[in-house]
Amino acid sequence: MDIRSIEEMAVNPLHATILVAELLSEMLKKEHQAKSYPVESLSLPYLVQAEFEDFPKDEGGTSYYPNIETGGVAGLYQELIRTGAEIIFANDLSMDIHGIDAIAFHPERKQYLICEAKGTSLEKLHHFNYYLRKTRRKGRQLSHEWCWASILDYAYQGTTAHIFLKMLEHILEGNYERLLCVTHLSKSSSGFSIVASRIWSEADFKRSEWLSSPYDLTRQQSWLEEIKKAVVGDRE
């Protein structure tokens with residue numbers, strides 16, 4: 001099935017995106033069905049596993065990472081695990097995709113977390129705005145516009161299409177919070193080791209003019225309702 005055929009089948013543009021994501025997700029499943037790992041494992045956080053296996057450690061058990069970026073992501077994973085959040089997606093294996101570093105789910109709060117990780121070798125921490133750059137196409141990192149655009153990007157990649165499908169309604173309903181983790185790293189001949197991590201959460205972002213501004217998804221919400229009505233009509 002080609003894109004034109006999908007567009008002809010779709011109720012609206014959002015439905016076309018959903019159909020593309022479903023097609024890509026199914027294609028990935030068929031491609032990997034004969035292999036020894038499930039498709040879901042493609043979204044597992046590699047660094048969570050590698051923290052205890054692949055990265056070198058000293059006698060005291062301190063892990064060393066090859067660069068600041070990897071250390072920053074490792075710091076984020078450690079903080080998420082420490083708070084009891086379940087990491088459901090990690091972007092460190094999808095190097096061709098720029099966007100969300102991790103998505104986690106907090107079972108006690110029943111809340112999804114869209115996460116950004118930063119690493120730094122500087123002891124002095126800046127205000128969180130300093131770490132969140134303004135992108136050319138999607139707005140400032142962790143803004144609601146950026147979160148939506150990043151999820152939308154995932155619909156068109158085989159390894160991430162299932163994340164778009166999983167998160168679509170949660171994003172449109174506003175059922176998510178944002179989290180920034182900045183990890184201070186110490187450099188040595190062995191690599192970069194974690195000193196401490198600082199977390200900024202939704203409560204902090206709501207006090208920021210840049211990050212508190214809502215992003216209008218009224219049209220997409222109406223499209224979703226249109227899709228649901230069309231599906232119910234087909235079943236009847």
Side-chain angles (χ1 to χ4, degrees), residues 41-109 111-135 140-143 146-147 150 154 160 163 167 176-208 210-211:
S41 70
L42 295 174
S43 66
L44 288 178
Y46 170 75
L47 287 177
V48 172
Q49 302 164 4
E51 170 69 18
F52 304 103
E53 299 171 4
D54 297 342
F55 292 110
K57 292 184 178 183
D58 62 19
E59 294 181 355
T62 299
S63 295
Y64 291 91
Y65 304 98
N67 52 58
I68 286 179
E69 290 76 16
T70 303
V73 174
L76 167 65
Y77 292 161
Q78 286 185 4
E79 289 300 310
L80 289 173
I81 293 170
R82 182 182 61 81
T83 60
E86 300 171 358
I87 304 171
I88 63 172
F89 170 72
N91 195 23
D92 51 283
L93 288 181
S94 301
M95 302 305 292
D96 59 322
I97 296 176
H98 301 282
I100 298 164
D101 285 327
I103 298 175
F105 179 73
H106 205 289
E108 291 185 3
R109 305 202 322 256
Q111 192 77 55
Y112 287 93
L113 300 171
I114 292 180
C115 308
E116 183 68 14
K118 302 291 183 181
T120 179
S121 59
L122 301 177
E123 292 186 21
K124 180 182 178 181
L125 286 178
H126 298 274
H127 188 271
F128 59 77
N129 284 334
Y130 173 86
Y131 301 101
L132 300 173
R133 64 182 179 85
K134 186 174 182 180
T135 65
R140 189 170 296 278
Q141 288 178 310
L142 283 186
S143 65
W146 181 87
C147 291
S150 295
Y154 289 172
T160 56
I163 293 298
M167 292 299 298
Y176 69 97
E177 292 186 354
R178 299 161 294 172
L179 182 147
L180 169 65
C181 177
V182 176
T183 298
H184 174 211
L185 298 149
S186 176
K187 184 178 181 181
S188 69
S189 59
S190 300
F192 292 88
S193 60
I194 294 175
V195 177
S197 295
R198 169 73 158 87
I199 294 290
W200 285 277
S201 63
E202 189 67 33
D204 301 300
F205 302 142
K206 286 181 177 179
R207 295 193 291 269
S208 166
W210 287 337
L211 297 178

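Values reported hereafter were calculated over all heavy atoms of this structure, with side chains retained and with hydrogens, waters and symmetry mates removed.
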Given Trp146 and Arg140, is the side-chain contact (heavy atoms from CB on, under 4.5 Å) satisfied, shown in steps? CA-CA 6 Å; Trp146 181 87; Arg140 189 170 296 278; over 6 Å; no
By salt bridge (charged side-chain N to carboxylate O under 4.0 Å, His left out) - contacts of Glu86 (at least two apart): none
Scanning both residues in full, the closest heavy-atom pair of Phe55 with Pro66 reads CE2-CD, 3.6 Å
Over all heavy atoms of both residues, which pair between Gly72 and Ala117 is shortest? Give the atoms and the distance, please. O-CB, 3.6 Å
Polar side-chain atom of Thr160 near backbone of Tyr154 as donor-acceptor pair, under 3.5 Å: yes
Taking every heavy atom of Leu142 against every heavy atom of Leu179, the minimum-distance pair comes out as CD1-O, 3.7 Å
For the pair Ile103 and Tyr176, evaluate side-chain contact (heavy atoms from CB on, under 4.5 Å) and give the outcome as yes or no after the intermediate values. CA-CA 10 Å; Ile103 298 175; Tyr176 69 97; over 6 Å; no
Measure the OH-OG1 distance between Tyr130 and Thr120 for me, rounded to the nearest 0.5 Å. 7.0 Å
One should read off an interatomic distance between Glu116 CD and Trp200 CH2, to the nearest 0.5 angstrom, of 12.5 Å
When rounded to the nearest 0.5 angstrom, what distance separates CG in Leu180 from SG in Cys115? 9.5 Å
To the nearest 0.5 Å, atom OH of Tyr77 lies from atom OG of Ser197 at 13.0 Å
Taken to the nearest 0.5 Å, the spacing of Glu202 CD from Leu113 CG works out to 9.5 Å
Determine, stepwise, if the pair Ile199 / Cys181 fulfils side-chain contact (heavy atoms from CB on, under 4.5 Å). CA-CA 5 Å; Ile199 294 290; Cys181 177; 3.5 Å; yes
Test of understanding: with salt bridge (charged side-chain N to carboxylate O under 4.0 Å, His left out), list the residues that count as partners of Arg109, not counting sequence neighbours. Glu177
Checking side chain to side chain donor-acceptor pair (under 3.5 Å) against Gln141, which of Lys134, Lys118, Arg178 comes through? Lys118
Residues passing the side-chain contact (heavy atoms from CB on, under 4.5 Å) test with Ser208, sequence neighbours excluded, are Phe128, Asn129, Trp210, Leu211
Taking all heavy atoms of Ser188 and all of Tyr64, pick out the closest pair and write down the distance. OG-CE2, 3.5 Å
Please report the shortest heavy-atom distance between Ile100 and Cys147, naming the atom on each side. CD1-O, 4.4 Å
Quick check for you: to the nearest 0.5 Å, what is the distance between Lys124 atom NZ and His184 atom NE2? 13.5 Å
For Tyr112 and Ile88: C-alpha separation, side-chain torsions, deciding distance, then whether side-chain contact (heavy atoms from CB on, under 4.5 Å) applies. CA-CA 10 Å; Tyr112 287 93; Ile88 63 172; 3.7 Å; yes
What one should report as the nearest heavy-atom pair of His106 and Thr83 is NE2-O, 3.0 Å
